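Data block below; observations after.
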Amino acid sequence: MDLPINLILNIAEIGAIYALVVLSVFLSSKIISFDDLTVDGSFTAGGAVVVALLLAGVNAVIATLAAVFAGGVAGLLTGILNTKLKLNNLISGIVITTGIFSINLKLAGANANLGDNKTIFDLLNFAQLGEVSHLIVLGGICLGTTLMVKWLLQTEFGLVLKASGSNPQILTGLGKSINFYKIMCLIISNSITGLAGALFVQHLGFFSITGCVGTLTVALAGLVIGSSISNNLVAKIVLGALAYQSIIALTLELQIEPVWNRLITAVLIIVLVGINNSKQG
Amino acid sequence: MKTFNNKIFIGFFVVIILGALVVSSKSNLSKKDVLTIGVLQTISHPALDAARDGAVSRLKELLGDKVCIITQNAEGSAMTAQNIAASFHNNKQISAVITIATLATQAMAKVEKEKPIIYCAVTDPKALGLVHDKTNACGITDAVDINQLVKRIKMLLPTAKNIALLFNPAETNSVSFVNEMDAILQLLDIKSFHVGVNNECEVSSAATVAFEKADAVVIPTDNTIASVMSVVAKAALKNNKPLFICDDLLFTNGVFGCTGSVNYHEAGRQSADLIMDIVNHEKTPETILAVGPALKKMIVSQKMADALNIKIADTLKNDIEIRK
């Protein structure tokens with residue numbers, strides 16, 4: 001039996017990138033109960049910033065960090081709209097994503113090719129490992145970020161953060177600002193999304209302004225699947241993202257007429273999550 | 001503390017293993033006489049669908065039963081395009097891939113460096129880094145001859161001073177067209193301004209603005225505007241101003257001129273012919289590179305010319321095709 005190594009490698013690579021977005025969505029939906037629609041905007045912004053800087057000759061590591069910063073700014077703006085201007089959760093996210101679209105379009109154009117510019121994968125050189133070099137970098141960044149978040153959630157800051165979502169009255173009792181923690185969480189989660197966007201563009205080698213629409217859906221699906229598999233944070237996000245990518249790959253291999261692909265994906269997700277929920281129910 | 005829900009974990013594993021078996025069994029099916037071609041389309045859209053249909057019908061014409069065509073559609077998502085590209089790259093049966101429009105071509109070219117890639121409906125393959133002597137990609141561009149277009153506009157409308165360019169700035173093909181056209185118009189001392197729309201809903205009001213302020217409106221090979229061309233044509237009729245478009249199939253009542261060389265169905269057929277040449281080892285991608293659309297004359301509507309009081313000079317009549 002001929003193992004589809006290329007396919008598995010691709011699932012792992014894209015899975016690692018989207019695992020970061022799943023982590024981000026986990027932070028916003030589960031920790032502070034904020035359905036954050038900024039994700040599409042900050043994911044694209046991460047890509048746009050990285051492309052604009054790489055094509056201007058900036059070092060890839062600095063460009064990637066700038067993308068993280070851009071994501072953070074997006075999260076900050078959403079947080080301010082929600083807490084200070086009292087805009088509803090969903091509207092804040094939508095407004096920022098809409099506004100960021102223009103900024104991204106101006107920065108990177110509708111479509112940009114990275115060409116020969118050195119990406120972060122070229123700089124962190126594991127070329128001797130050949131085909132798995134991208135995966136090593138992506139996997140490392142993904143695991144590293146997840147473990148950092150896990151550590152953060154166990155610090156005093158993290159505990160207050162979790163409380164701001166599940167039990168906000170405690171914060172008022174402690175004299176801490178719920179708004180502050182909400183904004184901090186949005187900044188952190190969107191920075192991570194910005195990082196994912198930057199890695200995505202460098203991995204693919206090109207940027208497309210409309211190519212990242214639907215990132216939130218992918219991340220949420222991954223989170224739902226991951227949550228039904230495990231309670232451990234690392235396992236949840238990694239397995240969830242990998243599961244979703246595997247489902248997409250499987251749908252493609254079935255080679256049924258392309259119009260049905262989305263429906264098949266939806267059915268597979270329902271089956272996977274539905275079995276678990278019915279057993280628990 | 002149980003960190004893994006055992007039953008769902010096992011169920012998940014079973015699904016994945018089943019999937020792997022499906023995948024590998026398909027790859028092992030030996031189809032000796034059958035040529036397998038992959039077709040990767042960027043998004044569902046009438047022009048791109050026409051290109052796909054052209055390619056598929058031509059391949060079936062040439063090979064009949066001896067071709068297996070696997071079509072996939074990225075539906076505009078870069079992630080899906082990448083997954084499909086990986087799937088085609090992994091599939092040993094596939095001998096060559098046709099990619100339709102820019103996103104599909106970029107995703108495929110990044111992943112596949114050996115099998116021939118024939119692209120179709122891509123405006124600027126050079127910008128994608130595909131035009132060099134070691135390339136495995138070649139194909140048909142839909143680049144309009146903008147020099148010729150501007151020349152004809154100048155001849156038909158010698159007094160025009162202000163031209164509006166109506167397009168979606170999120171479409172890379174339109175952006176490169178508009179930039180080139182701006183440069184050429186500037187040399188001829190004609191002012192141009194941009195009217196941008198991000199989706200179909202905005203086109204109606206944008207078209208009104210464009211026609212009110214300009215002497216003529218030009219629309220590039222833009223997917224967003226193409227889907228609501230009738231709206232723009234109506235605005236042209238209402239404001240009694242000339243409208244120039246670039247896609248022959250969209251020529252409707254209200255359109256004054258059309259460059260006449262871009263036909264997506266034809267482009268699809270041409271790419272199928274190219275694939276056959278390459279698969280039969282008669283040609284190689286690096287010798288073909290990018291082929292422009294067959295140059296044809298500009299098409300002008302006599303009806304609109306009369307309505308707009310534009311006299312088509314006799315000297316022009318050899319260079320353009322007049323449609324009643």
Side-chain angles (χ1 to χ4, degrees), chain A residues 1-11 14 17-18 101 105 109-113 115-116 200 203-215 218 225 228-232 235 239 243 245-250 252-255 257-259 261-262 268 271-273 275-276 279-280, chain B residues 1-5 7-9 11-12 15-16 18-28 41-44 70-92 102-103 106-107 109-111 127-129 168-176 198:
Chain A
M1 192 175 85
D2 204 9
L3 261 185
I5 305 262
N6 287 320
L7 270 188
I8 294 176
L9 200 58
N10 186 61
I11 290 172
I14 305 288
I17 294 173
Y18 276 87
F101 181 86
L105 192 51
N111 188 303
N113 226 45
D116 285 329
F200 187 62
H203 176 63
L204 247 51
F206 65 89
F207 168 81
S208 165
I209 187 82
T210 46
C212 303
V213 173
T215 306
V218 175
I225 297 175
S228 71
I229 296 181
S230 165
N231 285 327
N232 176 291
L239 291 181
Q245 293 302 320
S246 310
I247 288 175
I248 300 257
L250 184 57
L252 292 173
E253 291 302 319
L254 290 174
Q255 280 162 24
E257 197 187 329
V259 295
N261 282 349
R262 293 263 175 101
L268 285 173
V271 163
L272 202 52
V273 177
I275 301 176
N276 179 57
K279 286 216 159 98
Q280 276 184 351
Chain B
M1 185 177 79
K2 201 160 74 160
T3 54
F4 286 109
N5 185 332
K7 290 194 184 75
I8 199 67
F9 201 54
F12 173 65
V15 169
I16 294 304
L18 273 177
L21 284 171
V22 167
V23 166
S24 46
S25 69
K26 282 210 169 198
S27 307
N28 283 339
Q41 185 174 342
T42 295
I43 193 168
S44 283
I70 303 176
T71 41
Q72 289 289 3
N73 194 321
E75 294 302 355
S77 160
M79 181 194 83
T80 312
Q82 166 76 6
N83 280 318
I84 299 172
S87 169
F88 281 177
H89 175 61
N90 177 69
N91 189 333
K92 295 190 179 47
T102 307
L103 183 65
Q106 285 173 305
K110 181 68 180 171
V111 169
L128 303 182
N168 182 347
E171 290 196 29
T172 177
N173 296 352
S174 304
V175 172
S176 42
N198 280 320

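Not measured: the values here are computed from a predicted model. In what follows, chains are A, B, ... by sequence order, proteins preceding strands, each numbered from 1.
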[X] [atom1] to [Y] [atom2] distance, which is reported to the nearest 0.5 Å:
{"X": "B/Asn83", "Y": "A/Leu7", "atom1": "CG", "atom2": "CG", "answer": "8.5 Å"}
{"X": "B/Phe88", "Y": "A/Asn6", "atom1": "CZ", "atom2": "CG", "answer": "14.5 Å"}
{"X": "A/Thr210", "Y": "B/Asn198", "atom1": "OG1", "atom2": "CG", "answer": "10.5 Å"}

Structural part of B/Ala107 lying under 4.5 Å from a heavy atom of chain A
both

Can you tell which part of B/Ala86 gets under 4.5 Å to a heavy atom of chain A, answering side chain, backbone, both or neither?
both

Indicate the atoms forming the closest heavy-atom contact of [X] with [Y], along with that distance.
{"X": "B/Met79", "Y": "A/Ile248", "value": "CE-CD1, 4.0 Å"}
{"X": "B/Leu128", "Y": "A/Asn113", "value": "O-ND2, 3.0 Å"}
{"X": "B/Ala170", "Y": "A/Leu105", "value": "CA-CD1, 3.9 Å"}
{"X": "B/Gln106", "Y": "A/Ala112", "value": "NE2-O, 4.2 Å"}
{"X": "B/Pro169", "Y": "A/Ala110", "value": "O-CB, 3.6 Å"}

Where does A/Val218 contact chain B at under 4.5 Å (heavy atoms): side chain, backbone, both or neither?
side chain

Heavy-atom cut-off 4.5 Å, strictly under: side chain, backbone, both or neither for A/Ile209 against chain B?
side chain

Between A/Ile17 and B/Gln82, is any pair of side-chain heavy atoms under 4.5 Å apart?
no

Determine whether B/His89 and A/Asn10 make a side-chain contact, defined as any pair of heavy atoms from C-beta on separated by less than 4.5 Å.
no

Which residue out of B/Ile43, B/Thr71, B/Val175 racks up the most heavy-atom pairs below 4.5 Å with chain A?
B/Thr71

Side chains of A/Asn261 and B/Glu75: is there a donor and an acceptor less than 3.5 Å apart?
no

Going by distance alone, is a donor N or O of one side chain under 3.5 Å from an acceptor N or O of the other, for B/Asn90 and A/Glu253?
no

